[in-house]
*Asks:* 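Structure incoming, see below.
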2 protein chains.
Amino acid sequence: MQKVTINVVAKHAGVSKKTVSRVLNDEPNVSQSTKQKVTDAFNELGYRPSPQARGLATNQSFLIGLVYDNPNKSYVSDIQTGALEICDKNGYHLLIHPTDHESEQSLTGIDSLITESRLDGLVLTPPFSDMKSLLEMLDSRKIAYVRIGATVMESDSLCVISNDVQAAYQMTRYLISLGHVQIGFIKGHIDHNVSEQRFQGYCSALEEAGIEINSDYIQQGDFRFTSGEDCGRRLLGLASPPTAIFASNDYMAAGVLKVASQRRIMIPHELSVVGFDNAPICEYLWPSLTTIKQPVRAMASQAVNILIENIREKGSSHEKRQLDGELIVRESSAPLRV
Amino acid sequence: MQKVTINVVAKHAGVSKKTVSRVLNDEPNVSQSTKQKVTDAFNELGYRPSPQARGLATNQSFLIGLVYDNPNKSYVSDIQTGALEICDKNGYHLLIHPTDHESEQSLTGIDSLITESRLDGLVLTPPFSDMKSLLEMLDSRKIAYVRIGATVMESDSLCVISNDVQAAYQMTRYLISLGHVQIGFIKGHIDHNVSEQRFQGYCSALEEAGIEINSDYIQQGDFRFTSGEDCGRRLLGLASPPTAIFASNDYMAAGVLKVASQRRIMIPHELSVVGFDNAPICEYLWPSLTTIKQPVRAMASQAVNILIENIREKGSSHEKRQLDGELIVRESSAPLRV
DNA sequence: TTGCTAATTGACACCGGTGTCAGTATGTGC
DNA sequence: GCACATACTGACACCGGTGTCAATTAGCAA
């Protein structure tokens, strides 16, 4: 069984290889009858065009790079799944590129990834979505890219973001609807723009409900488990502690759960604790964690979708899309006990 | 700034493109002076050879596929990290291919991945490592592959495995050393060969210590959180419950923790609970979980290492490697209270 | 039927590298 | 000095597709 090349197909169908190429690419000006002959030959021979040769001729690689630096393995996995789904559908492949965003080499690493692999496009996740030097490099090299979860807007780039303000607002309203008034909040890492957005959602829900914002109830965390413990300890140590705590992510919420458990505080009866992100731990904690599920996977697939569209149309579109999060109620939240 | 091809380099260095190619591939029979000229040209022009063209000429793709179907995102992430590390070092790229091992299409999916992307090699993770139909297909198509965590041995294939028997033995010995004699065990999914291996390790440690194996203490789980709950409930409901429970993975151990917590059983003072795998939840649970850390990442990098070696040497080696796990002691285990 | 436009097809160069092989330069033993 | 092996080097075809452009065929009005 020798290799089935375009020449073999052409001979088999009795046409020139250029005509085979035309059928392959759905080009116009091919008669129905020849098209049929060629298609039959495809099937009979089990022909698969070589992406290498194709790429060499068209200066494409059918490769899309995914850049990330996220310790949250679940997030990365969801992003990959969403991206792959669309890549597969369109005959593209995904090259994953985890890299340390604080390292000097991350930029040159991405640079050489592009030149070496001849990437057709790049998917950026936070914090790369907002990394100015990177965006400038990509712009100057005219590489197509799409930014996921970017907070700094630029008019001429593709972008898919989640509505964190709205999600945090929704969560806070939910807690209020349970009767809570004393609601603590643990902020995320100060460098991450989403931290501010989530805090904003919290604030606007309180304001809307006419609840005064108590600065004692607001603690600065950094998205890590241990910071959740610290902030939880401070909140629960207050003279008049909150009856509900909203942590900006699930790991910090888990930290609060631990502290509460150590102090024999019954959750959710004495205290409601909620998180953000729907990390896998939510289900394995006891009690399981009420949280916001981010449309991570959907964001990734939409991102790749508009990226591929953009590649095909040579950068004509500048689409931006925004997706909403979803409230997932589990065991860690309950109505306020009167 | 036009594209820097091999022709440009050749002109710049004043040699033929073939000579440039020789330097590129470290071929013999190039004089020191020419080599220097060409190398200088490389640097001055920032030349990067096109993998597409190279691949077209040599019938290689410099692409390695990674096949998996594992709901454990942390495991997948570690595998990817380990594999990528070595790929990068050797100028290969990794194509990830998650697929449902129970689906009929998984086999054809892998098949078309190979033909379409012209993969140079494949890394298989469980359960694909032991999927006979897949291995036969790869053998007949003469695709190089390496199996991670395979349990069925075949003499002529590359293989990297972990020593689960030894790890489970080590864990059980640790519990015994704490003074425990009544040690419960929750078996893993009956279809996974590692389940039996872990159970074996448990048994042999007990035997060695002269502790009789009590069949009441052995429960059949399926690696899932809920099965951990069920088995935990049964074990703790015994007239003479165990003082330590060894679950075959961390999720089931988390289930036991939940049940214990609901029953107000103090861990680790009244009951030691240990898991296996070192999943991320170990650190976020309270108390944090004593477990076995599998050398997942190292296994992946070694796998890719021997795979690439094999590709280069045209399948001459049939190496097998075995790596040991590591006991990680956290808060969930303590000496038996007398 | 003729003339003209539009649709269809194929010859051939080219993408950017590598393999083959023949040609030239260099070194060695006599 | 010569014969010969050995070290370098480059011309050219080729990998498997696509782009260009010219040639052929078909369709249709006059």
Side-chain angles (χ1 to χ4, degrees), chain A residues 2-39 41-42 45-63 91 114-120 311-312 314, chain B residues 2-39 41-42 45-63 91 114-120 311-312 314:
Chain A
Q2 71 146 38
K3 225 188 319 187
V4 182
T5 73
I6 198 171
N7 288 300
V8 178
V9 177
K11 213 160 288 171
H12 189 92
V15 298
S16 76
K17 63 190 237 185
K18 178 64 215 186
T19 299
V20 176
S21 167
R22 285 196 179 94
V23 176
L24 215 55
N25 296 288
D26 256 324
E27 283 175 35
N29 302 333
V30 180
S31 74
Q32 267 308 317
S33 61
T34 15
K35 195 167 192 168
Q36 191 57 52
K37 275 192 295 184
V38 175
T39 314
F42 283 168
L45 299 166
Y47 169 70
R48 303 264 132 187
S50 151
Q52 319 226 24
R54 227 209 268 240
L56 183 58
T58 57
N59 199 26
Q60 284 185 275
S61 64
F62 304 96
L63 251 33
I114 295 170
T115 43
E116 267 172 41
S117 305
R118 307 287 199 267
L119 294 186
D120 289 341
I311 291 169
R312 293 200 173 132
K314 308 265 171 194
Chain B
Q2 69 146 42
K3 226 189 317 186
V4 182
T5 72
I6 196 170
N7 287 301
V8 177
V9 177
K11 212 160 289 173
H12 190 92
V15 298
S16 76
K17 61 191 237 186
K18 177 65 213 184
T19 298
V20 176
S21 166
R22 286 197 179 91
V23 176
L24 215 55
N25 296 286
D26 255 326
E27 282 175 35
N29 301 335
V30 181
S31 74
Q32 267 307 317
S33 61
T34 1
K35 195 167 191 166
Q36 191 58 51
K37 273 192 297 186
V38 175
T39 313
F42 283 169
L45 299 167
Y47 169 70
R48 301 266 132 186
S50 150
Q52 318 225 26
R54 226 211 266 243
L56 183 58
T58 58
N59 199 26
Q60 283 185 273
S61 64
F62 304 97
L63 252 33
I114 296 169
T115 42
E116 266 172 42
S117 306
R118 307 288 200 267
L119 293 186
D120 289 343
I311 292 170
R312 292 199 174 133
K314 308 266 172 193

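Lettering follows sequence order; numbering is per chain, from 1. Given the structure is predicted, the values throughout are model-derived calculations rather than measurements.
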*Asks:* Whole angstrom is fine here: how far is it from CG in B:Asn7 over to P in C:dC15?
*Replies:* 8 Å
*Asks:* Does the side chain of B:Asn29 get closer than 4.0 angstrom to OP1 or OP2 of D:dT6 through an N or O atom?
*Replies:* no
*Asks:* Figure out the NZ/P separation between A:Lys35 and C:dA7, and round it to whole Å.
*Replies:*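 Distance, rounded to whole Å: 15 Å.
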*Asks:* May I have the distance from B:Phe62 (atom CZ) to C:dG17 (atom P), rounded to whole angstrom?
*Replies:*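 B:Phe62 atom CZ is separated from C:dG17 atom P by 12 Å.
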*Asks:* What is the distance from CZ of B:Arg22 to P of D:dT9, rounded to the nearest Å?
*Replies:*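 Atom CZ in B:Arg22 sits about 8 Å away from atom P in D:dT9.
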*Asks:* Pick the closest DNA chain C nucleotide for B:Arg54 and for A:Ser33 by heavy atoms, then say which residue is nearer the 5' end.
*Replies:* A:Ser33
*Asks:* Give a yes or no answer on whether the side chain of B:Ser117 reaches the backbone of B:Leu119 with a donor-acceptor pair at less than 3.5 Å.
*Replies:* no
*Asks:* Nearest to the side chain of A:Ser50, which nucleotide is it out of D:dA11, C:dG16, D:dG17?
*Replies:* D:dG17
*Asks:* What nucleotide, of D:dC15, C:dG19, C:dC15, holds the atom closest to the side chain of B:Lys3?
*Replies:* C:dC15
*Asks:* Below 4.0 angstrom from OP1 or OP2 of C:dG17, is there any side-chain N or O of B:Thr58?
*Replies:*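 False: B:Thr58 side-chain N/O out of range (4.0 Å or more) of C:dG17 OP1/OP2.
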*Asks:* By nearest heavy atom, map A:Ala53 and B:Ala57 onto DNA chain C; which one lands nearer the 5' end?
*Replies:* A:Ala53
*Asks:* What does B:Val20 touch in the nucleic acid at a heavy-atom separation under 4.0 angstrom: a base, only the sugar-phosphate, or nothing?
*Replies:*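 Answer is nothing: B:Val20 stays at 4.0 Å or more from every strand.
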*Asks:* Side-chain contact, heavy-atom cut-off 4.5 Å: B:Tyr47 with B:Val8?
*Replies:* no
*Asks:* For A:Ser16 and C:dG10, is the shortest distance between a side-chain N/O and OP1 or OP2 below 4.0 Å?
*Replies:* yes
*Asks:* How long is the line joining NZ of A:Lys17 and P of C:dT8, in whole Å?
*Replies:* 23 Å
*Asks:* Could you please name the option among D:dG17, D:dG16, D:dT9 that lies closest to any side-chain atom of A:Leu56?
*Replies:* D:dG16
*Asks:* Over how many whole Å does the gap from A:Leu24 atom CG to D:dG16 atom C1' extend?
*Replies:*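 Interatomic distance, CG of A:Leu24 to C1' of D:dG16: 11 Å.
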*Asks:* If you check the B:Thr34 side chain, which of D:dG16, C:dG17, D:dC8 turns out closest?
*Replies:* D:dC8
*Asks:* Less than 4.0 Å between a side-chain N and a carboxylate O, is that true for B:Lys35 and B:Asp26?
*Replies:*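 A salt bridge links B:Asp26 with B:Lys35.
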*Asks:* For A:Asn25 and C:dT8, what is the distance between atoms CG and C1' respectively, to the nearest whole Å?
*Replies:* 17 Å
*Asks:* Hey, does the side chain of A:Thr19 come within less than 4.0 Å of C:dT8's phosphate (OP1/OP2), counting only N and O?
*Replies:*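 A:Thr19 to C:dT8 OP1/OP2: no side-chain N or O under 4.0 Å.
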*Asks:* Does the B:Gln52 side chain pair with the main chain of A:Gln60, one donor and one acceptor, at a distance under 3.5 Å?
*Replies:*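 Here the side-chain-to-backbone pair exists.
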*Asks:* Nearest 0.5 Å please: distance from the CZ atom of A:Arg54 over to the CD1 atom of A:Ile6.
*Replies:*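 Between A:Arg54 CZ and A:Ile6 CD1, I get 9.0 Å after rounding to 0.5 Å.
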*Asks:* Of all the nucleotides listed (C:dG10, C:dT18, C:dC15), which has the minimum atom distance to the side chain of B:Ser21?
*Replies:* C:dT18
*Asks:* What's the separation between atom OG in B:Ser16 and atom CG in B:Asn7, rounded to the nearest 0.5 Å?
*Replies:* 10.0 Å
*Asks:* Applying a 4.0 Å non-hydrogen cut-off, can you work out what A:Asn59 is touching in the nucleic acid: base, sugar-phosphate, or nothing?
*Replies:* nothing
*Asks:* Between D:dG16 atom C1' and A:Lys11 atom NZ, what is the distance in whole Å?
*Replies:* 13 Å
*Asks:* Which nucleotide, C:dG19, C:dT8, C:dG17, lies nearest any side-chain atom of B:Glu27?
*Replies:*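 Among the listed nucleotides, the one closest to the side chain of B:Glu27 is C:dG19.
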